[in-house]
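Reading through the structure tokens given below for one structure.
Keep in mind it's a predicted model, so treat the numbers as computed, not measured. So you know, we letter chains A, B, ... as the sequences are listed, proteins then strands, and number each from 1.
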2 protein chains.
Amino acid sequence: MSARLLIVEDEEALILLIRYNLEAEGYQVEAVERGDEAELRLAEETYDLVLLDWMLPGTSGIELCRRIRARRETASLPVIMLTARGEEAERVRGLATGADDYIVKPFSVPEFVARVKALLRRSRPEVAASVLIAGDLELDRDSHRVRRAGRDVHLGPLEFRLLEFLMQAPGRVHTREQLLNAVWGRDVYIDERTVDVHVGRLRKALNPGRLSDPIRTVRGAGYAFSETFGTG
Amino acid sequence: MSARLLIVEDEEALILLIRYNLEAEGYQVEAVERGDEAELRLAEETYDLVLLDWMLPGTSGIELCRRIRARRETASLPVIMLTARGEEAERVRGLATGADDYIVKPFSVPEFVARVKALLRRSRPEVAASVLIAGDLELDRDSHRVRRAGRDVHLGPLEFRLLEFLMQAPGRVHTREQLLNAVWGRDVYIDERTVDVHVGRLRKALNPGRLSDPIRTVRGAGYAFSETFGTG
DNA sequence: CAGTTCAATGACAGTTGTGCGACAGTCCGG
DNA sequence: CCGGACTGTCGCACAACTGTCATTGAACTG
């Protein structure tokens, strides 16, 4: 969840298709249409994966890929090449340039999503990992289970997503607004205090007995998953 | 990420759009509608970046930019010019005048935000950095934590912002009025002495035992973060 | 050195933010 | 159609935070 992807593609319809399907997977998707624009973005922001069209206005895909590999900061950034069928012969060259995978257009959407996921899981395990662990707390995305000190903890769907989101960025403080956007959804109209209530419920479920609280309240700012949880 | 930005723009709708998006990024945004007003603000306060409309009532954008460059205090202040499409040809003149970047209206919001971010990161790394470090003192914006000599220090929201602001410009002296504007907010009517009290509280929290004081009082002027802190 | 100005400190009251319990509306499965 | 699980909102209590004031102390001035 919440990996950031950059699409470099000049065909708008394709951007829409890709964006729609990847956002449905919970990824954060940004798109640019030109190679040189992409270079700017990559210099300014950090992404977890890049989808690169072979043929591009501006800097060509293959050239861009080479430059991505050349810059130290992006040398290990996963790149997936998109090639038209006729260019398939070039795939060897593409992989030689340093792409981690290539997908031939037109592609089947589920296959496409699977390839992206697989590559993310390989390169950024903490983003795609199915199990998040901190101290004696364990969250399994696949089975939708949470365990604390070996015992199963029952959470509602909302509390589950809330904990998942918090655990993804241990230590980082999120405002109530950010939490509403990330956990509830982008265009919901909900009182910010509601977040408090759910954090409270999450805590109650998570800390039976006298177990320590993994969630930190930052007065005036928001909530965070305690980065030192389980280490001290 | 608590950079202070000044927008100089006469189109109110545009101000709203910009303000909304930049505040969502965590920036502190102030806006004025006239060039001469902007000059006043710039003389009284310190900003990290200025967004300047090309066409303005009062002092024109290009003229204002020139004056910003002429004053020593603002000579290196990053400036982004906003130009309408028709004026694109003028961009050379704009850049020659000393703008660091220009954006053509209408612009895409994500691109706009990216440009602002990029320029800030380039020009004021300490403003964009998520962790500020000086000697044995450490302020982490993401996790909202402050450490002194390895130990966590608890600060109230105000004290946190105050320290953050001071650390952003080590050595620079800020008057109480400037501190009130920057840390408390622009339209608050609060006794200037209150700043003293909070600096006092901050010091107490920051200097347990016999640790040296990172905050310097400048009699008759204000306060500064000690520029030599940790280096001597 | 005495007088004046400005800053530090401790106390106090007022304000704000958070935790918590209660309750009502909604959704879904049986 | 009913019951249980889940969710959003309220109101209250309490603790944390903040602004002001009075007093003390330090630094500058002539």
Report all interatomic pairs (protein N or O, nucleotide N or O of nucleotides 28-30 of chain D) with separations under 3.5 Å.
none

Item to complete: Pick base, sugar-phosphate or nothing for Phe160(A), based on heavy-atom distances below 4.0 Å to the nucleic acid.
Response: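 Touches nothing.
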Worksheet item: Is a side-chain donor-acceptor pair under 3.5 Å present for Arg203(A) with Thr217(A)?
Response: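 Their side chains do contain a donor-acceptor pair, which is all the 3.5 Å distance test asks for.
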Does [X] come within less than 4.0 Å of [Y], counting only side-chain N to carboxylate O?
| X | Y | value |
| --- | --- | --- |
| Asp196(B) | Arg176(B) | yes |
| Glu138(B) | Arg148(B) | no |
| Arg41(B) | Glu45(B) | no |
| Asp100(B) | Arg69(B) | yes |
| Asp191(B) | Arg193(B) | no |

Worksheet item: If you count the non-hydrogen atoms of other residues, nucleotides and ligands that lie under 6.0 Å from CD in Glu12(A), is the total more than 12?
Response: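 Counting other residues, nucleotides and ligands, CD of Glu12(A) stays at 12 neighbours or fewer.
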Worksheet item: Under the salt bridge (Lys or Arg N to Asp or Glu O under 4.0 Å) test, which residues partner Glu73(A), sequence neighbours left out?
Response: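 Residues passing salt bridge (Lys or Arg N to Asp or Glu O under 4.0 Å) with Glu73(A): Arg71(A).
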So, [X] side chain and [Y] main chain: donor-acceptor pair closer than 3.5 Å or not?
| X | Y | answer |
| --- | --- | --- |
| Ser60(B) | Glu63(B) | yes |
| Arg124(B) | Ala3(B) | no |
| Arg161(A) | Val183(A) | yes |
| Ser226(A) | Arg216(A) | no |

Worksheet entry | Those residues of residues 203-211 of chain A lying under 4.0 Å from DNA chain D by at least one heavy atom |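 When residues 203-211 of chain A is checked for heavy atoms under 4.0 Å from DNA chain D, there are no hits whatsoever.
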Worksheet item: Can you pull the contact range of chain B along DNA chain C, 5' to 3', using atoms under 4.0 angstrom from its heavy atoms?
Response: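 Counting from the 5' end, contacts occupy dT5(C) to dA11(C).
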Worksheet item: Could you go step by step and tell me if His174(B) and Tyr223(B) meet the ring pair (Phe, Tyr, Trp, His ring centres under 6.0 Å) rule?
Response: CA-CA 6 Å; His174(B) 309 274; Tyr223(B) 298 95; over 10 Å; no
Worksheet item: How long is the span from the CD1 atom in Ile18(B) to the CG atom in Leu82(B), to the nearest 0.5 Å?
Response: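 The CD1 atom of Ile18(B) sits 5.5 Å away from the CG atom of Leu82(B).
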Worksheet item: Between Gly200(A) and Val199(B), which has a closest nucleotide on DNA chain C that is more 5'?
Response: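 Its nearest nucleotide lies further toward 5', so the answer is Val199(B).
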Practice prompt. Write down the distance between CG (Asp196(A)) and P (dC14(D)), rounded to a whole number of angstrom.
Written response: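 One finds 18 Å between P of dC14(D) and CG of Asp196(A), rounded.
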Discussion item. Checking Asp140(B) against His144(B) for the side-chain contact (heavy atoms from CB on, under 4.5 Å) test, could you report, in this order, the C-alpha distance in whole Å, the side-chain angles of both residues, the deciding distance, and whether it holds?
Written reply: CA-CA 5 Å; Asp140(B) 185 325; His144(B) 244 260; over 6 Å; no
Worksheet item: How bent is the helix from dC1(C)-dG30(D) to dG30(C)-dC1(D), comparing axes over its five end pairs at each side, to the nearest 10°?
Response: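 One end's axis against the other's: 30°.
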Discussion item. Can you build the contact string for nucleotides 5-13 of chain D? Use B for base contact, S for sugar-phosphate-only contact, and - for no protein heavy atom under 4.0 Å.
Written reply: -SBBBB---
